[in-house]
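Since the model is a prediction, treat every value here as computed from it, not as a measurement.
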Amino acid sequence: MVLPLDHLTILSRDPVASAAWYGLLLPMLGFEAVKPHIWRNANGLYLQFGTAGPDTRPYERYGAGMNHIGFAAPDVALVEQVAARMAAAGHEARLQRFGDGTVALFLPDPDGLRIELSCYPPGTPPVD
């Protein structure tokens, strides 16, 4: 039996800043808001947002726990379009091109959690 991923919950220190950041990004990735703090895509993946507890530690790039959330793009044009729109809105958008032809965009949310959007050449595995 293969179980599909159902949902991810992301907690933030500043829910207003987080809602604005994800509100800009998620529609470009095919998500729609179903409630003010819940988004869904056509594959049935839900993203739920909440407020982090007081005195919790911030996201650490190489700390224990989730490192980043990766999405696969159907083409390089979408990766470049999302990079341009996020950068135009004043957000960090780091685009990388790898030797195997993979194009990856890394976007830190207001708390530093990275969202990745990548386009892989045919036959290239998304992770190794």
Side-chain angles (χ1 to χ4, degrees):
M1 173 184 345
V2 177
L3 300 177
L5 182 61
D6 177 67
H7 71 277
L8 298 171
T9 300
I10 300 171
L11 303 180
S12 65
R13 293 169 169 247
D14 183 344
V16 173
S18 186
W21 192 88
Y22 282 101
L24 175 64
L25 176 64
L26 291 178
M28 292 187 277
L29 303 183
F31 282 83
E32 65 176 343
V34 294
K35 291 184 179 178
H37 65 286
I38 298 176
W39 292 73
R40 173 187 63 211
N41 72 10
N43 293 331
L45 175 61
Y46 287 81
L47 297 179
Q48 172 180 283
F49 296 91
T51 304
D55 301 323
T56 56
R57 69 175 177 81
Y59 170 80
E60 294 180 33
R61 176 76 170 108
Y62 294 105
M66 188 181 331
N67 184 271
H68 67 276
I69 301 170
F71 293 94
D75 54 50
V76 173
L78 177 62
V79 177
E80 292 171 340
Q81 177 188 20
V82 172
R85 288 184 63 191
M86 294 300 284
H91 301 293
E92 181 182 340
R94 190 171 49 111
L95 192 64
Q96 287 187 281
R97 297 177 191 279
F98 296 95
D100 65 358
T102 298
V103 176
L105 172 62
F106 298 94
L107 303 159
D109 79 0
D111 289 297
L113 177 63
R114 302 291 196 263
I115 303 297
E116 177 185 339
L117 179 61
S118 296
C119 180
Y120 306 98
T124 302
V127 293
D128 51 4

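Residues Met28 and Val79 share a hydrophobic cluster, clusters being chains of Ile/Leu/Val/Met/Phe/Trp/Tyr side chains in contact below 4.5 Å. Linking Ile, Leu, Val, Met, Phe, Trp and Tyr whenever their side-chain heavy atoms come within less than 4.5 Å leaves Leu45 and Leu11 in two separate clusters. There is a path of hydrophobic side-chain contacts, each under 4.5 Å, that joins Leu8 to Leu26.
Taking both residues in full, the closest heavy atoms of Trp39 and Ala33 are given as CE3-N, 3.3 Å, listed atom of the first, atom of the second, then distance. Contact record, Phe49 with Ser18: CD2-OG, 4.4 Å, taken as the closest heavy-atom pair.
Screening residues 69-89 for ring-ring contact (aromatic ring centres under 6.0 Å, His included), with sequence neighbours left out, gives Phe31-Phe71. Residues in residues 19-42 take part in these salt bridge (Lys or Arg N to Asp or Glu O under 4.0 Å) pairs, two or more places apart or across chains: Glu32-Arg40.
Residues satisfying the side chain to side chain contact (heavy atoms under 4.5 Å, CB included) test with Ala20, not counting sequence neighbours, are none. Thr51 is linked by a side-chain hydrogen bond (donor to acceptor under 3.5 Å, both in side chains) to nothing, counting only residues two or more places apart in sequence or in another chain. The side chain to side chain contact (heavy atoms under 4.5 Å, CB included) search around Val16 returns Asp14, not counting sequence neighbours. When the side-chain hydrogen bond (donor to acceptor under 3.5 Å, both in side chains) test is applied to Asn41, no partner is found at least two apart in sequence or on another chain. For Thr102, the side-chain hydrogen bond (donor to acceptor under 3.5 Å, both in side chains) partners at least two apart in sequence or on another chain are Asp100. In this structure, Asp6 has no side chain to side chain contact (heavy atoms under 4.5 Å, CB included) partners at least two apart in sequence or on a different chain.
The hydrophobic cluster containing Tyr46, built from Ile/Leu/Val/Met/Phe/Trp/Tyr side-chain heavy atoms closer than 4.5 Å, also comprises Val34, Ile38. Residue Phe106 shares its hydrophobic cluster (ILVMFWY side chains chained together at separations under 4.5 Å) with no other residue.
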Return a table of donor-acceptor pairs under 3.5 angstrom between the side chains of residues 80-87 and protein atoms on other chains or two or more places apart.
residue : atom : partner : partner atom : Å
Glu80   : OE2  : Arg97   : NH1          : 3.4
Glu80   : OE2  : Arg97   : NH2          : 2.6

Throw together a table of side-chain donor-acceptor distances under 3.5 angstrom for residues 107-119, partners on residues two or more places apart or in other chains.
residue : atom : partner : partner atom : Å
Asp109  : OD1  : Asp111  : N            : 2.8
Asp109  : OD1  : Gly112  : N            : 2.9
Asp109  : OD1  : Leu113  : N            : 3.0
Asp109  : OD2  : Tyr22   : OH           : 2.7
Asp111  : OD1  : Arg13   : N            : 3.4
Asp111  : OD2  : Arg13   : N            : 3.2
Arg114  : NH1  : Gly112  : O            : 2.8
Glu116  : OE1  : His68   : NE2          : 2.9
Glu116  : OE2  : Ser118  : OG           : 2.6

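In this structure, CG in Leu24 is found 5.5 Å from NE2 in His91, a value given to the nearest 0.5 Å.
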Would Ile10 and Ile69 count as a side-chain contact (heavy atoms from CB on, under 4.5 Å) here? Give the steps. CA-CA 10 Å; Ile10 300 171; Ile69 301 170; 3.8 Å; yes

